[in-house]
Peer 1: 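Shown below is the structure under consideration.
Just so it is clear, the structure is predicted and the values come from calculations on it, not from any experiment. Side chains included, hydrogens not; waters and symmetry mates left out as well; all remaining heavy atoms used. In the text below, chain A, chain B and the rest are named by the order of the sequence lines, each starting its count at 1.
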Number of protein chains: 4
Amino acid sequence: MKNQDRARLLVSCVDQPGIVSAISTLLYENGANIVESNQYTTDPSEGRFFLRLVIEGDQLQAKESKLKAAFEPVAEKFGMTWKWSFLHHRKRTAIFASKDVTCLRELLYQWEGGNLDTDIPLVISNHETGRDIVESFGIPYFYIPANKEIRKEVEARQIELLKEYDIDLVVLARYMQILTPEFVSEYPAEIINIHHSFLPAFIGANPHRKAYDRGVKLIGATSHYVTNDLDEGPIIEQDVGRVDHRDQVEDLKKQGSLIERTVLTRGVKWHLEDRILVHDNKTIVFN
Amino acid sequence: MKNQDRARLLVSCVDQPGIVSAISTLLYENGANIVESNQYTTDPSEGRFFLRLVIEGDQLQAKESKLKAAFEPVAEKFGMTWKWSFLHHRKRTAIFASKDVTCLRELLYQWEGGNLDTDIPLVISNHETGRDIVESFGIPYFYIPANKEIRKEVEARQIELLKEYDIDLVVLARYMQILTPEFVSEYPAEIINIHHSFLPAFIGANPHRKAYDRGVKLIGATSHYVTNDLDEGPIIEQDVGRVDHRDQVEDLKKQGSLIERTVLTRGVKWHLEDRILVHDNKTIVFN
Amino acid sequence: MKNQDRARLLVSCVDQPGIVSAISTLLYENGANIVESNQYTTDPSEGRFFLRLVIEGDQLQAKESKLKAAFEPVAEKFGMTWKWSFLHHRKRTAIFASKDVTCLRELLYQWEGGNLDTDIPLVISNHETGRDIVESFGIPYFYIPANKEIRKEVEARQIELLKEYDIDLVVLARYMQILTPEFVSEYPAEIINIHHSFLPAFIGANPHRKAYDRGVKLIGATSHYVTNDLDEGPIIEQDVGRVDHRDQVEDLKKQGSLIERTVLTRGVKWHLEDRILVHDNKTIVFN
Amino acid sequence: MKNQDRARLLVSCVDQPGIVSAISTLLYENGANIVESNQYTTDPSEGRFFLRLVIEGDQLQAKESKLKAAFEPVAEKFGMTWKWSFLHHRKRTAIFASKDVTCLRELLYQWEGGNLDTDIPLVISNHETGRDIVESFGIPYFYIPANKEIRKEVEARQIELLKEYDIDLVVLARYMQILTPEFVSEYPAEIINIHHSFLPAFIGANPHRKAYDRGVKLIGATSHYVTNDLDEGPIIEQDVGRVDHRDQVEDLKKQGSLIERTVLTRGVKWHLEDRILVHDNKTIVFN
């Protein structure tokens, strides 16, 4: 298996001479070959360094702890924030869904087709709509009714499940409930939401109704990391589609759902491939 | 000349049986042939009827007043709002520009290339930047410095010129001054502005700075009719382009200007071709 | 039911004065109101007239034969080719599929979501892959193995089924077999295929391999009516997506399938809504 | 000046361990800091390594020959093909134009706006159409009539000018003459052409006529390096725009020219920024 001997490394730090040399030499000395690399440094005034590497090597899997240990002093020397992903540990994704299953279905089919490199150990929903499709993939489906009044209990149960199933990434596939700060703080930059508008236009509820009222000629969708400011988290991806005067609110919803599924899938795919770094409430996406 | 014997008719009224029959029969009896037709009726609950016709006929030019007179009783019977455009009267467009001449240039070149069916008798600007290019087309260029304090005098002079040159359409090609209600009321649905964002995102000043701060992945532009609510007029056309984390505010401006010129040109073109009806602060665009 | 009292009319003929007047007056006199209309006339040199009308009226369903009969003399007078669709007769669509079920699935979901106004009485496939999904919709699934050698018997069985189920439209949703002229002649302009390239680039087999070899930066898909010239039928819709040097043939296939499903669905939707007229191996699409 | 102390390095070689380490260490030891980096390695089966670096450093300009000399043994050790661009040597671009000046104008305006980092010491054209616009930028304009019969003399004169003006890049901005292999061999991967179709569809002359005849729903443009196979050189960039049944050949041309100018400008910009590597008649574009 090719993935057994592959890893990815994301690095962020203050720019300074010698970073790439130090990392690449260390990797070379440890028998790891860089097969993909992207580096971006912000304007000298700020001077922030961002790096994504994909490496491979014979028996890389076996060298995981050795390599991580060897990297630590380098990371400390340069004051790095960093993240390793050894691909023999596959990321584990939970999908949260609700009544409209368009996004849920898309994620499952893209996953089945090999586009999303993850395990999907469970789906949680506050409706039963998605059960059949989810179970047809052999994935457990947890129906947890939710509303504002019982948010606390609901989230306690959800987090219990996420811990039990050892989840790395939570995808809100048109899950229409707001998460509490407590929940969000458990998964920083690890919860991806799809908002059914081109943010920052039409923040909040009923964006398609608002878009209709304003008479826009394009509608959009935005995938973003969830923070405690509703619809204000770092934007990962956006796209739009054309509408016209004949389209009613219902038509915008239908049209919009086709954009949402694509925009969410791209965001999830890039996260799973460790292509995204977050800085200052924005994303650097190496895609 | 083909255009000599062509006309367009825009109609809006409460829907009711027999409208198309009445109009088409009247045209037929007056020797006018319908060569293009678009009709849209809103949901029965509202039941509003919109129609655009292009007609042609032998000696149509000579029949203008006869046809208009014949149409009037039909229009009154059905309570229509309507607008005739006989193509032998070419529309007359004034362009208002400022320092950034990208949109101005585009309009002139598209006009030269035959894409904008209009006369352009004058350009008014509060900067001298565009003079050379405008005068190279043989078009008079009026430099009228403008700012908040002297708005009244400036607009008086502008309106004087618009009257003198018998203008039908005013295009604000990145003219950065706000127009007073008095000015706007002189040209209802006859002033087209380009806003350098995907409205309603980033209303007001500095949309590219705001887009940069928010970390959006697409930037846009919007052409719309000017009303007295800043950036709130009926949207004619919108489009977007992709940006990424490397793009600074200056890059967004450059990228944005390429979208703006296209979106403004389309809006102006459709207006000149009588493709746009305004209803309820929205546009019906028959394109 | 709104659709009970609606009909659509497609007309094509040599342009001449009085057509719209004749049709609209006849409809008016028969209590039918035009709610949507599109007319296009080719250049005077050719002078071909194309019209699409949507009409509604009290008890329109009951007036079907009366209206059709009343229309016939008008149609004959102007030498029209025409087609009525009374919406109380819902069109009946058969989907032909093969191993890759992406397009099949999309059609079923768009249909379930109310975007495709048709019955789908059966799916025919030369693989078993799609059975579960199709049967989960309660639609009969006919597995008919197919290859060049047994084409004749296969098509005989297929046509038998199409007749039995009274099919109006055949959609080839990545059905990879070539149809014989005999089959095609049974359904003129009633078989829609999706070709996995931006035609006329990469006609024939393995377009993604060819696209990869050529190093294109966009890949596309084309939905078209099937004629006896392979991949040469009238194009209904096309779209493209971006690829880059990192994408292998397999990646192009995956990316391509997302474009194909959209382009096929649009083509089918427009056909079902009677938006397409065919003339001279091209389509007029009133969308 | 920021550009004074910047350079770019493009590298291509057979993949092997230690390349990045060797290069980055060498740069570090010579006081050059990597500010941007893109690496792509083809499938292990082929194992080809491609790298683009942007570096900066105090007094980098003064270190040019020292750095180049220090790099040579590394390059030889790994069998590299490589190319340095020190930004204090600005690339020098010649534009070849003809009658239609849309692309020429766009290049000049984008250049004026700071989007194309190059000098433009001359424009050569076989028509006089572009003279005014070119000379308004203070750029010499050489009118050299051209046709098949006098190709040899014409090219001799052109190459003489290119040598005299020390040109690095030739841009064919809708220059409609075919270049001889002798000419092409003087500027390998340094001549960029814009073809007015989505290659490989509609190779050769009159692509818009062919597109019209085929009834396509999108038209495109392709920028590519010129080789001796007409329209078969490595594709740099492509884009498309939507057309419909109403568009005549003339409309396709007008629409097409807006796509061409964008696609050509992107290709030229990327070349000037050393973002393009050519391998196996394809491009790797690090954009």
Peer 1: Hey, which of A/R242, A/R246, A/R214 has the most heavy atom pairs under 4.5 Å with chain B?
Peer 2: A/R214
Peer 1: In terms of heavy-atom pairs under 4.5 Å with chain A, which of B/T222, B/T42, B/V216, B/D244 leads?
Peer 2: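 Sorted descending by pairs with chain A, the first entry is B/V216.
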Peer 1: Tell me, for B/T283 versus chain A, whether the close heavy atoms (under 4.5 Å) come from the side chain, the backbone, both or neither.
Peer 2: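 When you check distances to chain A, atoms from both the backbone and side chain of B/T283 fall under 4.5 Å.
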Peer 1: Answer with yes or no after comparing the ring centroid distance for A/H196 and A/F202 against a 6.0 Å cut-off, counting only values under it.
Peer 2: no
Peer 1: Less than 4.5 Å to any heavy atom of chain A: does that hold for the side chain of B/F50, its backbone, both, or neither?
Peer 2: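 Contact with chain A is absent: no heavy atom of B/F50 under 4.5 Å.
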Peer 1: Tell me whether the centres of the aromatic rings in A/Y40 and A/H279 are closer together than 6.0 Å.
Peer 2: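 Not under 6.0 Å, so no.
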Peer 1: Under the side chain to side chain contact (heavy atoms under 4.5 Å, CB included) test against A/V268, which residue among A/N115, A/L169, A/I95 passes?
Peer 2: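 Result: among A/N115, A/L169, A/I95, A/L169 is the only option passing the side chain to side chain contact (heavy atoms under 4.5 Å, CB included) with A/V268.
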Peer 1: Would you call the rings of A/F183 and A/F96 parallel, tilted or perpendicular if under 30° counts as parallel and over 60° as perpendicular?
Peer 2: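 A/F183 and A/F96: perpendicular rings.
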Peer 1: Please classify the contact between A/N287 and chain B as side chain, backbone, both or neither, with a heavy-atom cut-off of under 4.5 Å.
Peer 2: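 No part of A/N287 comes within 4.5 Å of chain B.
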Peer 1: Determine the option with the most heavy-atom pairs under 4.5 angstrom with chain A, choosing from B/L199, B/D239, B/I203.
Peer 2: B/D239
Peer 1: Sort B/Q248 into side chain, backbone, both or neither according to what part of it lies under 4.5 angstrom from a heavy atom of chain A.
Peer 2: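 For B/Q248, the side chain is the part near chain A, not the backbone.
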Peer 1: Going by atom types alone, do B/Q39 and B/S37 pair a side-chain donor with an acceptor below 3.5 Å?
Peer 2: no
Peer 1: Tell me, for B/K282 versus chain A, whether the close heavy atoms (under 4.5 Å) come from the side chain, the backbone, both or neither.
Peer 2: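 Contact with chain A: side chain only.
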Peer 1: If I measure from the heavy atoms of chain A, does B/I236 come under 4.5 Å with its side chain, its backbone, both, or neither?
Peer 2: backbone
Peer 1: Less than 4.5 Å to any heavy atom of chain A: does that hold for the side chain of B/D280, its backbone, both, or neither?
Peer 2: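 Neither; nothing under 4.5 Å.
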Peer 1: Which residue in the set B/R52, B/K83, B/K269 passes salt bridge (charged side-chain N to carboxylate O under 4.0 Å, His left out) when paired with B/D274?
Peer 2: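 Of the listed residues B/R52, B/K83, B/K269, the salt bridge (charged side-chain N to carboxylate O under 4.0 Å, His left out) partner of B/D274 is B/K83.
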Peer 1: Hey, are B/D229 and B/T227 close enough side-chain-wise for a donor-acceptor pair under 3.5 Å?
Peer 2: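 Checked: B/T227/B/D229 side chains show no N/O donor-acceptor pair below 3.5 Å.
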